[in-house]
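Reviewing the structure listed below.
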Amino acid sequence: VLQGGRSALILGDSIALNNFEIAGGAFGYNPRGVFVHANVELGWVFDFVGSDGGVSGEGSDQILARVPTLLSTYDPEYVLIPGGFINDIAVDKTSTEIIANLTAILKLIAGRNIVWTTTLPSSLNAGTAARKAVLHACNRWLVSVGKSVPGLTVVDTYSAFVNVSTGSQVSTFSADNLHPNTLGAAAVSRAVVRALRQQLGFQPAPLFGFGTDDYKNMIYNPYGVGSNAGGVGGFVAGGLTGVGPTGCAGTTHASGPRVG
């Protein structure tokens, strides 16, 4: 159990699965995962349970069918849902059909802490005007219920991912016009982090407040060992000169840059 010990199930389709699935079908924390990014910035407040909460290609009806078993298996304190209905839109389900499934999911997970993000724009699955209208209707419904359901935090991640001039995703945020890449996940996760800090009181982790001997130190080769450790092309800068911002001077140390 990591910092905070809050067990959390990530539920949904491939956007949920992307928090865990990495190259070659192996499983581990994936930098393309929105909630993985947010969890790091928040200081590992969630302990993710299971990696089967997200299934690629599923629609809201299929996700709904799996919820009772997942809750029984993991009994999570938090349920984190990234969207959950983009595949419905791709097969032209109506907003009425989708909202009925989402309402049923919400009833099953009621009583737990829920973080549900709006579904992201996609020129692949929701590229037509008709499909965009369904996407907007479902997102509006989700934002509306987020104002009245206790324990439900709805995060507007759509706005962080959309190119407002086209109504589709920002081109650099996705390699396939559907799933966030690492850059897209980082951009979207910032909206999640802001919402959780405000509504749940989570605070950021001191990511760079660690010494050389701390395993949480993110600086590669903090001791500066090896033949290519120092110098201009090394892991630890040495012999560098230059002009920095006015009033700022610093010295590079093996455990990382420090300003002083």
Side-chain angles (χ1 to χ4, degrees), residues 1-23 27-51 53-54 74 76-84 112-121 139 142-143 146 151-162 169-170 172-175 179-220 222 255-259:
V1 178
L2 301 175
Q3 179 182 331
R6 300 170 179 88
S7 62
L9 172 70
I10 304 179
L11 175 67
D13 49 31
S14 57
I15 305 295
L17 178 63
N18 276 1
N19 285 273
F20 299 105
E21 189 173 28
I22 54 178
F27 282 79
Y29 292 149
N30 191 330
R32 293 186 294 123
V34 170
F35 285 114
V36 166
H37 266 278
N39 204 27
V40 170
E41 188 166 347
L42 289 165
W44 291 102
V45 295
F46 295 121
D47 173 25
F48 296 135
V49 293
S51 58
Y74 299 115
E77 180 183 352
Y78 281 79
V79 178
L80 314 177
I81 309 176
R112 302 173 192 268
N113 296 292
I114 307 163
V115 180
W116 202 328
T117 73
T118 53
T119 287
L120 304 176
N139 275 342
L142 185 59
V143 170
L152 171 61
T153 299
V154 174
V155 184
D156 177 20
T157 52
Y158 174 95
S159 297
F161 204 68
V162 70
Q169 71 289 332
V170 175
T172 55
F173 284 179
S174 176
H179 303 91
N181 55 21
T182 302
L183 181 62
V188 171
S189 73
R190 285 194 285 271
V192 175
V193 169
R194 284 195 299 270
L196 289 178
R197 284 181 184 166
Q198 291 173 1
Q199 297 186 32
L200 305 179
F202 291 169
Q203 297 301 315
L207 290 180
F208 300 103
F210 308 119
T212 300
D213 286 323
D214 196 321
Y215 74 94
K216 297 184 292 296
N217 191 328
M218 293 183 177
I219 299 171
Y220 189 66
S255 59
R258 301 175 185 174
V259 175

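Throughout, residue positions are numbered sequentially from 1 according to the sequence presented.
Counting heavy atoms from C-beta on, the side chains of Val143 and Asp156 never come closer than 4.5 Å. Between Pro180 and Ile15 there is a side-chain heavy-atom pair separated by less than 4.5 Å. Side-chain contact between Val170 and Phe161 is absent, with no heavy-atom pair separated by less than 4.5 Å. In this structure, the side chains of Val162 and Gln169 stay at 4.5 Å or more apart for every pair of heavy atoms. A heavy-atom distance below 4.5 Å is not found between the side chains of Val36 and Asn30. Counting heavy atoms from C-beta outward, Leu80 and Phe48 have side chains that approach closer than 4.5 Å. Side chains of Ile114 and Thr153 form no contact here, defined as non-hydrogen atoms less than 4.5 Å apart. The closest side-chain heavy-atom distance from Thr117 to Ile81 is not below 4.5 Å.
When all heavy atoms of Asn39 and Val45 are compared, the closest pair comes out as OD1-N, 3.1 Å. The shortest heavy-atom contact between Gly54 and Ala16 is CA-CB, 3.8 Å. Closest approach of Ser189 and Val34 over heavy atoms only: CB-O, 3.4 Å. The nearest pair of heavy atoms linking Ala187 to Ala160 is O-CB, 4.0 Å. Considering every non-hydrogen atom in both Ala191 and Val155, the closest pair reads O-CG1, 3.5 Å. When every heavy atom of Pro76 is checked against every heavy atom of Ser7, the shortest pair comes out as CA-OG, 3.5 Å.
Atom-to-atom distance recorded for Tyr158:OH and Leu142:CG is 14.0 Å, nearest 0.5 angstrom. The CG atom of Leu9 sits 11.5 Å away from the CG atom of Asp47 when rounded to the nearest 0.5 Å. With rounding to the nearest 0.5 angstrom, the OG1 atom of Thr182 is 5.5 Å from the NE2 atom of His37. To the nearest 0.5 angstrom, Ser51 atom OG is 8.0 Å from Leu17 atom CG.
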Let's go through Val193 and Leu42 carefully: what are the C-alpha distance in whole Å and the side-chain angles of both, what is the deciding distance for side chain to side chain contact (heavy atoms under 4.5 Å, CB included) to 0.1 Å, and is it a yes or a no?
CA-CA 7 Å; Val193 169; Leu42 289 165; 4.0 Å; yes
Start with the C-alpha gap between Leu152 and Val154, add the side-chain angles, then the distance that decides, and say whether side chain to side chain contact (heavy atoms under 4.5 Å, CB included) holds.
CA-CA 6 Å; Leu152 171 61; Val154 174; 3.9 Å; yes
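Using a 3.5 Å distance cut-off with no hydrogens or angles, the side chains of His179 and Ser174 do not pair a donor with an acceptor.
Remark: side-chain polar atoms of Trp116 are paired, donor with acceptor, to backbone N or O of Gly83 under 3.5 angstrom. For Thr157 (side chain) and Val188 (main-chain N/O), no donor-acceptor pair under 3.5 Å exists by modelled atom type. A distance-only check finds no donor-acceptor pair linking the side chain of Arg32 to the backbone of Asn19 [under 3.5 Å].
When the side chain to side chain donor-acceptor pair (under 3.5 Å) test is applied to Thr172, no partner is found at least two apart in sequence or on another chain.
Between Glu41 and Arg197 there is a salt bridge, since at least one side-chain N of the basic residue sits less than 4.0 Å from a carboxylate O of the acidic one.
Taking the six-membered ring for Trp, Phe46 and Tyr78 have ring centres closer than 6.0 Å.
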